[in-house]
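Lettering of chains follows the sequences in order, A, B, ..., and the numbering in each one begins at 1. None of these values were measured; they are calculated from a predicted model.
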Amino acid sequence: MTVPVRRFDAVIVGGGGAGMRAALQLSESGLKTAVLSKVFPTRSHTVAAQGGISASLGNVQEDRWEWHMYDTVKGSDWLGDQDAIEFMCRKAPEAVIELEHFGMPFDRLENGKIYQRPFGGHTQNNGESPVQRACAAADRTGHAMLHTLYQRNVRANTQFFVEWMALDLIRDEAGDVVGVTALEMETGEVYIFHAKAVLFATGGAGRIYAASTNAFINTGDGLGMCVRAGIPLEDMEFWQFHPTGVAGAGVLITEGVRGEGGILLNANGERFMERYAPNLKDLAPRDFVARSMEQEVLEGRGCGPNKDYVLLKLDHLGPDIIKQRLPGIREIAIKFAGVDPIKEPIPVIPTCHYMMGGIPTNYRGEVVIPQGDNPEARVNGFYAAGECACASVHGANRLGTNSLLDLVVFGKSAGDSMVEFIRNEMPNWKPLPANAAERSLARISRLDNQTNGEDVTEVRTAMQRTVQARAAVFRNSENLAQGVKEIQEVAERVKRIQIKDKSKVFNTARVEALELENLIEVAVATLISADARKESRGAHAHADFQQRDDEVWMKHTLYYGDDRRLTYKPVHTKPLSVDYIPPKERTF
Amino acid sequence: MTKARFSIYRYDPDKDAKPYMQDYEIELGPNDVKLLDVIVKLKAMDDTLSFRRSCREGICGSDAMNINGKNGLACVTNWADLKQPIELRPLPGLPVIRDLIVDMTQFFKQYHSIKPYVINDTPPPERERLQSPEDRLELDGLYECILCACCSTSCPSFWWNPDKFVGPAGLLAAYRFIADTRDLATNERLDNLEDPYRLFRCHTIMNCVDVCPKGLNPTKAIGKIKDMMVKRAV
């Protein structure tokens, strides 16, 4: 079977914040670039980000990128790579100013500068007191940013392939990346995209959990493609639970609510965060607040008939602030929690929100994997940025507003690296290997021909229940070991999933089945990586190993899918220009 | 558990000669609140049922459809508030690709036609371009559009002339850039709309305002553009 080939200098998979920021670099450099996206770009999940994007602009209070760096390192529980963190925090002000110049509708201060609000874990003078660092467009910052980036790409004439789902990575005999296969959803046809450089900006995979703030499309497609192509995944045990998901619905309520002065209350009406984090209180980092909330519930101080949630109170901010700064939250609370936060508190629970791990990269956006003695050898022609990548700037726990920053800083950086690589090292396309589309065609044909198979929804539900139960906020050895066993059983079932819809035209059943094949790789990686880490660090809170163990465990996990084995690599302790920030106890 | 009845537009060009309405009946529990939750459940029973969806919280704009005769987002609609059988159809006026999935090419073409980006060729300052809170307030009610197309596909003027009339979503976006103090192309933007069709096919029927899931008011924005045209002419 011949598969049609389309040829571009660069192919970007994913049309969210990172993909579109990278696309600008490539389009504006004059290289022939294709952006593939499962959904129309403005429907990517970046659109749902709410509270802000961090940068030490100092528009309200004195601020320095060094303080931002310190907070990010401490937030990461010393698992973040300090060169990448320095790079991101130093670039933050220019990245935000650039978005403003692109036309992003930031809120404004009286003096006309960009409005900034406080956010969890962001402080002045290395932990002294909260600082207003989150640049915000009301509580729709992701929407404002994503639309602005799309608009800028319209101006740059970027070529989008809308509703095209990438299926597999194409590597040649040397292991270099030379393209991807992709499914045109409208026609059901498979194509090869032959490229000098490929960027994955495929976003998160929160849908491995039963309750998640993530969109349906967050299925870890880039990670699944990597695993199938022999690329390891980094730090997959670290998943962020956002403290304030709407109880029952899972929909996100921004940390910006607490940035504006909202507080968490238990069933006794007590502002319990004062006990856990006397200094930062409700604005402690997310892993810390999520654990405190779970602890309150475990000790019987949860609210509601089942005592299983806490309350987010913001009525004391007054209707004006709520309507001006948090209009989207009010809309969500009314629609999904049935309460108007001007009058009543919102029931909230910690909800899976963000994947700190991902495809191993450096701060240039290059994908790096162990080769011989080198723990970080470049995979020629392969780049990743945004939530799917692990640079690693977030380490074991991401600070709020650092994700939008990550997208634009590393989207741009990866774009620059690709332009450089294509210009200096790749005058011509490397030849495609024979049968470049074989794996993808085999996957599709298996789906079409499977009989007596497993139902996609049932198997996906089994996966989500397992991950939810076994890789939650609090973990323990027994639970994790059980989880490893269960998820591998689910993985066997995924091999036999079946669809009834055999149509070629916009077959969303087929898309969901292909997505499940990606999700399961992420789920297995998560449980195996988590089971192995015998310490507590950031979002990995282990009941049987409650302390952080820097001696043994200050290292990154690498998971290989082909034989489900783990290796480790050192954390980068050498920043680019400033002094190393040595580990210390993490209190707030 | 409660029973809910549905009648859903079905069309798969791969096998159907023409579209038809299919009836569904489903048992729903207390956790099935939103219409999208229910459609996802229906798809678990019948995986051929095709529709778009993503964020399930009303911000991505994927799951716009015609619900009991009115355009809306399935994810922010409570199914229990709807009269049964709940009739679901694709957004009107656009070609149907399959079931509830429409071809939005024409809609986006109109959006692109208004040059949806800030035009300002002066060299950017080192820091942000300043904008007063009052000037920024002018963008509220405009920039929040999610491009779901509920408005344009409920507009008779857009149905008759989708290739010539920009439509409410595109015109709302046009005014979003006109109203932005950082944009310097107001005249060029007004020129771009000065045409018997592009702007002036709006007959203030206001279906757009009625259906917008974000509570925006394209008719008001269109009125402001028309005012500016008049002022410019005198």
Turns out that what part of B:F51 lies under 4.5 Å from chain A's heavy atoms comes down to backbone

Would A:R207 count as a cation-pi partner of A:F216, with NZ or CZ less than 6.0 Å from the six-membered ring centre and within 45° of the ring normal? yes

Bottom line for A:N214: the part with an atom under 4.5 Å from chain B's heavy atoms is backbone

When the 4.5 angstrom heavy-atom criterion is applied to B:L49 and chain A, the contacting part is backbone

The interface call for A:F102 against chain B, heavy-atom contacts under 4.5 Å, is backbone

(Q) So that I can tick it off, tell me whether B:R10 and B:D46 are bridged by a salt bridge, with the cut-off set at under 4.0 angstrom between side-chain N and carboxylate O. (A) yes

Would you please test A:E512 and B:R53 for salt bridge (Lys or Arg N to Asp or Glu O under 4.0 Å) and show each step?
CA-CA 12 Å; A:E512 286 188 28; B:R53 85 284 180 269; 3.5 Å; yes

Max heavy-atom pairs within cutoff under 4.5 Å with chain B, candidates A:T457, A:N218, A:V251, goes to A:V251

Here the gap from B:I97 atom CD1 to A:T187 atom OG1, rounded to the nearest 0.5 Å, amounts to 10.5 Å

Any non-hydrogen side-chain atom of B:F158 less than 4.5 Å from a side-chain atom of B:Q110?
yes

Okay, B:K115 and chain A: the region with an atom under 4.5 Å from a heavy atom over there is neither

Residue from A:K38, A:K502, A:Q324, A:E163 scoring the most non-hydrogen pairs under 4.5 Å with chain B is A:E163

Do A:Y115 and A:V60 touch side chain to side chain, with heavy atoms closer than 4.5 Å?
no

Comparing A:K335, A:R510, A:R155, A:K504 against chain B, the one with the most heavy-atom pairs below 4.5 Å turns out to be A:R155

Okay, B:L139 and chain A: the region with an atom under 4.5 Å from a heavy atom over there is side chain

The interface call for A:H101 against chain B, heavy-atom contacts under 4.5 Å, is both

Whatever's closer than 4.5 Å to a heavy atom in chain B on A:E458 counts as neither

Interface check, chain A: of B:A44, B:S50, B:S62, most non-hydrogen pairs under 4.5 Å belong to B:S62

Q) Taking NZ, NE, NH1 and NH2 as the nitrogens, is one of them in B:K41 or B:D37 under 4.0 Å from a carboxylate oxygen of the other? A) no

Min side-chain heavy-atom separation A:Q151-B:F177 under 4.5 Å
yes

Heaviest contributor of heavy-atom pairs below 4.5 Å to chain A, chosen from B:V118, B:D14, B:T48, B:D47, is B:D47

- Task: Could you go through the salt bridge (Lys or Arg N to Asp or Glu O under 4.0 Å) check for A:E100 and B:R182 one step at a time?
- Result: CA-CA 10 Å; A:E100 194 283 325; B:R182 299 169 297 174; 2.9 Å; yes

If one checks every heavy atom of A:L146 against chain B at 4.5 Å, the contacting part turns out to be neither

Among A:P327, A:P105, A:G142, the residue with the most heavy-atom pairs under 4.5 Å to chain B is A:P105

Okay, A:T213 and chain B: the region with an atom under 4.5 Å from a heavy atom over there is backbone

The interface call for A:D107 against chain B, heavy-atom contacts under 4.5 Å, is both

- With the side chain counted from C-beta on, respond yes when B:L130 and A:N111 share a heavy-atom pair under 4.5 Å apart, and no when they do not. no

Between B:L142 and B:L216, is a side-chain contact (heavy atoms from CB on, under 4.5 Å) present by the stated rule, with each step listed? CA-CA 7 Å; B:L142 305 171; B:L216 310 180; over 6 Å; no

Bottom line for A:F106: the part with an atom under 4.5 Å from chain B's heavy atoms is backbone

**Asked** Distance only, no hydrogens: is a donor on one side chain within 3.5 Å (strictly under) of an acceptor on the other, for A:S503 and B:D12?
**Response** yes

Most heavy-atom pairs under 4.5 Å with chain A, out of B:C60, B:P124, B:P13, belong to B:C60

Highest number of heavy-atom pairs under 4.5 Å with chain A among B:R127, B:K214, B:H112 belongs to B:R127

Answer key: most heavy-atom pairs under 4.5 Å with chain B among A:H143, A:H45, A:K500, A:K113 is A:H143

Note to self: Taking B:R98 first and then A:D501, would you say they form a salt bridge - that is, a charged N and a carboxylate O separated by under 4.0 Å?
What the structure shows: yes

A:E98/A:R21 under salt bridge (Lys or Arg N to Asp or Glu O under 4.0 Å): CA gap, chis, key distance, verdict | CA-CA 11 Å; A:E98 181 187 69; A:R21 184 62 197 81; 2.9 Å; yes

Under 4.5 Å to a heavy atom of chain B? For A:M104 that would be backbone

Bottom line for B:P213: the part with an atom under 4.5 Å from chain A's heavy atoms is backbone

| message | Side chains of B:T122 and B:R129 only: does a donor on one sit below 3.5 Å from an acceptor on the other? | response | yes

Whatever's closer than 4.5 Å to a heavy atom in chain A on B:V33 counts as neither

For A:S44 and A:G15 the tightest heavy-atom approach is OG-O, 3.1 Å

>> Take a 6.0 Å sphere around NZ of B:K15 and say whether it holds more than 12 heavy atoms from other residues, nucleotides or ligands.
In response: yes

_Just checking B:D121: does its CG atom have more than 12 heavy atoms from other residues, nucleotides or ligands closer to it than 6.0 angstrom?_
no

Checked A:T42, A:V96, A:D455, A:L57 vs chain B; the most non-hydrogen pairs under 4.5 Å come from A:L57

Applying a strict 4.5 Å limit to non-hydrogen atoms, the region of B:E126 in contact with chain A is backbone

Whatever's closer than 4.5 Å to a heavy atom in chain A on B:I101 counts as side chain

Under 4.5 Å to a heavy atom of chain B? For A:E94 that would be neither

Under 4.5 Å to a heavy atom of chain A? For B:P133 that would be both

Applying a strict 4.5 Å limit to non-hydrogen atoms, the region of A:S212 in contact with chain B is backbone

If one checks every heavy atom of B:R56 against chain A at 4.5 Å, the contacting part turns out to be both

